[in-house]
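Worksheet: one structure, shown below.
Order of appearance sets the numbers: ligands from 1, and atoms from 1 within every ligand.
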Amino acid sequence: MNPSNPTAESATKPGPEPPSTPSNFIRDIIVEDLNSNRYQGRVQTRFPPEPNGYLHIGHAKAICLDFGLANEFHGHTNLRFDDTNPEKEETEYVDSIMEDVRWLGFHWDGLYYASDYFDQLYEWAVKLITEGKAYVDDLSADQIREYRGTLTQPGNNSPYRNRSVEENLDLFARMKAGEFPDGSRVLRAKIDMASPNLNLRDPVMYRILHATHHRTGDKWCIYPMYDYAHGQSDSIEKVTHSMCTLEFQDHRPLYNWFIEQLGIFPSQQIEFDRLNLTYTVLSKRKLLQLVQRGFVRGWDDPRMPTLGGMRRRGYTPEAIRNFVSSIGVSKTDGSIELAMLEHFLREDLNLRAPRVMAVLRPLKVVIDNYPDNQAEDMDAVNNPEDPGAGTRKVPFSRVLYIEQDDFREDPPKQYYRLSPGREVRLRYGYFITCSSVVKNDQGEPVEIHCTYDPETRGGNARDGRRVKATIHWVSARHAIDAEVRLYDKLFTKENPGEVEEGQDFTANLNPSSLEVIAKAKLEPSLGQAAAGNSYQFERLGYFCVDPDSKPGNLVFNRTVALKDTWAKIEKGHTAKAGRS
Ligand code: ATP
Ligand code: MG
């Protein structure tokens with residue numbers, strides 16, 4: 001790890017060191033600009049979400065870069081809603097985006113909307129028309145596409161390209177005044193229809209759209225296109241380093257063209273690789289489909305890769321920031337293993353989640369030689385990673401629940417947990433030995449009879465004899481019931497987009513991504529658990545309280561199971577783990 005190169009987040013947070021600090025070419029650019037005094041020592045960034053959906057883990061990468069780099073160099077970051085598309089945008093999304101950015105741990109300096117700049121953008125468009133650098137085109141969208149040419153063939157000039165400045169000014173004013181129907185005319189920049197870069201072949205700057213905007217209402221019926229709005233918004237805010245994903249690399253010449261022609265503040269666009277995750281879709285359009293077609297319960301369904309869904313699932317902001325900082329940035333798109341994200345989640349929860357005992361699939365155990373009316377409080381450690389977390393009392397009594405999985409009537413080799421005649425340790429309890437099994441009509445065990453050794457209280461035998469397994473348990477009389485929702489991957493394929501002809505990505509949805517356990521048995525200390533609280537259910541995984549939870553009607557989500565496949569992968573090829 002390069003000590004001079006911590007990200008702002010990793011410098012201040014506790015937690016695991018990311019495996020390595022990847023070379024960060026964006027940071028290098030900023031350092032160079034500071035050294036050459038290109039922006040008078042200023043670092044100004046922005047995070048520019050379009051409010052047409054909820055933020056996802058891909059956005060978290062952009063947020064950590066935009067805010068993290070500015071923080072590191074004592075700069076500023078604006079949150080700017082890129083609201084140039086009135087048909088798909090809603091206030092609900094604006095609110096959720098602000099909540100998610102705050103939750104991730106970042107604070108914006110300015111809060112802006114591209115729509116704040118509609119008047120300025122219009123004035124600048126008029127200026128470009130006046131200088132002969134923009135024109136009103138009457139070609140239809142299809143015709144514009146035809147005239148545009150291809151990567152191998154130059155485009156053709158529109159027959160309207162040489163309209164006079166006066167005519168263009170008049171038509172553009174009438175477009176704004178609402179005289180023309182949607183799609184009948186556009187304003188285009190006059191650049192070069194033969195440019196090898198298609199983005200420079202007279203790109204559309206404005207379209208006619210009679211639609212109500214979430215902030216400007218019906219004031220406008222022409223709306224600027226992304227390419228025209230974005231760079232100018234950056235420039236208005238005097239953004240020095242405007243980070244965006246790689247698909248905008250070919251747009252950079254256009255970004256620069258507008259700024260140069262208008263002679264305004266020269267913001268600089270820098271592209272980095274989009275985050276892709278295996279078994280995950282990260283496109284708001286696709287996520288919206290999952291919501292609208294009812295494949296998930298909503299944008300914050302714990303199976304969704306949205307920040308709202310991940311928060312509800314039990315992800316912590318620290319885990320997400322550590323993950324993002326460890327994947328680094330590059331100039332080529334790739335795909336990151338979902339297992340790696342989960343690895344950072346476990347590492348973080350391991351430090352902070354209190355341990356408790358819970359039985360998901362209960363099997364009754366009766367300890368025949370334990371007095372019926374007796375109960376004892378056993379001491380249990382809250383978090384072995386955090387001595388300050390102390391201990392708690394867990395009630396022990398004659399009838400307990402253990403996990404069905406922890407008993408086998410005919411144990412296979414290597415199975416050391418409970419079986420007839422076998423002795424095991426109850427965590428924080430006693431050694432017990434199975435004496436008999438009661439079965440139902442289907443031959444399934446429903447009640448296990450055991451004896452306990454009073455000399456093993458706390459989990460150790462005075463005579464030093466050993467047992468090979470320790471299992472968790474809950475006292476039946478003291479247990480509280482809870483619904484537990486177990487989640488698995490939302491998609492069965494690493495690349496959910498890989499489908500047969502005629503199918504869409506939903507064909508790869510995992511039919512068993514959610515399993516609901518109606519009546520798990522929990523130790524009584526969980527009676528006070530509040531929505532959002534995270535725990536490690538010993539031997540099972542990390543679980544958190546879902547907002548659906550009510551006193552007396554607890555609902556838990558499994559955040560992640562304990563087994564860490566990424567840690568294994570990482571041990572195997574450390575070199576590959578840092579950056580893929
Ligand atoms: P989507 O494809 O999910 O709709 P988008 O790029 O259209 O995403 P925006 O709201 O425009 O979403 O994105 C805001 C910022 O987040 C942009 O700077 C964008 O480049 C960045 N961003 C979006 N998706 C990712 C991703 N998967 N990885 C990294 N950055 C991303
Ligand atoms: Mg977008």
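- No part of F248 comes within 4.0 Å of ligand 1, judged by heavy-atom distances.
- In the vicinity of L282, heavy-atom distances shorter than 4.0 Å reach the ligand 1 atoms 3 (O).
- Under a cutoff of 6.0 Å and an axis angle of 45°, R558 and Y487 do not form a cation-pi pair.
- No N or O atom of P49 sits closer than 3.5 Å to an N or O atom of ligand 1.
- Y279 places no side-chain N or O within 3.5 Å of a backbone atom of A339 that could act as its donor or acceptor partner.
- Residue F272 approaches ligand 1 through these ligand atoms, each under 4.0 Å from one of its heavy atoms: 29 (C), 30 (N).
- Within a 6.0 Å radius of NZ in K493, more than 12 heavy atoms belonging to other residues, nucleotides or ligands are found.
- Contact atoms of ligand 1 toward A62: 16 (O), 21 (C), 30 (N) (distance under 4.0 Å to a heavy atom of the residue).
- Distance alone, capped at 3.5 Å, places no donor-acceptor pair between the T306 side chain and the L55 backbone.
- Distance NE2/H343 to CG/N322: 9.5 Å, rounded to 0.5 Å.
- A side chain to side chain contact (heavy atoms under 4.5 Å, CB included) with F323 is found for exactly one of L345, I336, D348, namely I336.
- Considering backbone and side-chain N/O atoms, K61 never comes within less than 3.5 Å of an N/O atom of ligand 1.
- Enclosure of atom NZ in K88 is not indicated, since only 12 or fewer non-hydrogen atoms of other residues, nucleotides or ligands lie within 6.0 angstrom.
- Close N/O approach between E50 and ligand 1 is found [any backbone or side-chain N/O within under 3.5 Å].
- Within the listing of ligand 1, atoms 8 (O), 9 (P), 10 (O), 12 (O), 13 (O), 14 (C), 16 (O), 22 (N), 23 (C) sit less than 4.0 angstrom from a heavy atom of H59.
- Near T245, meaning under 4.0 Å from any of its heavy atoms, are these atoms of ligand 1: 19 (C), 20 (O), 29 (C), 30 (N), 31 (C).
- Counting heavy atoms closer than 4.0 Å to ligand 1, residue H56 contributes side-chain atoms (C-beta onward) but none from N, CA, C or O.
- The shortest N/O to N/O separation between R274 and ligand 1 falls below 3.5 Å.
- Of the listed options H230, K284, R46, K284 places a heavy atom closest to atom 12 (O) of ligand 1.
- In summary, the side chains of S335 and T278 do not present any donor paired with an acceptor at a separation below 3.5 Å, with no hydrogens or angles considered.
- The one candidate from D100, D301, D546 that meets the salt bridge (Lys or Arg N to Asp or Glu O under 4.0 Å) condition with R311 is D100.
- Counting atoms of ligand 1 from 1 in the listed order, those under 4.0 Å from a heavy atom of S283 are 3 (O).
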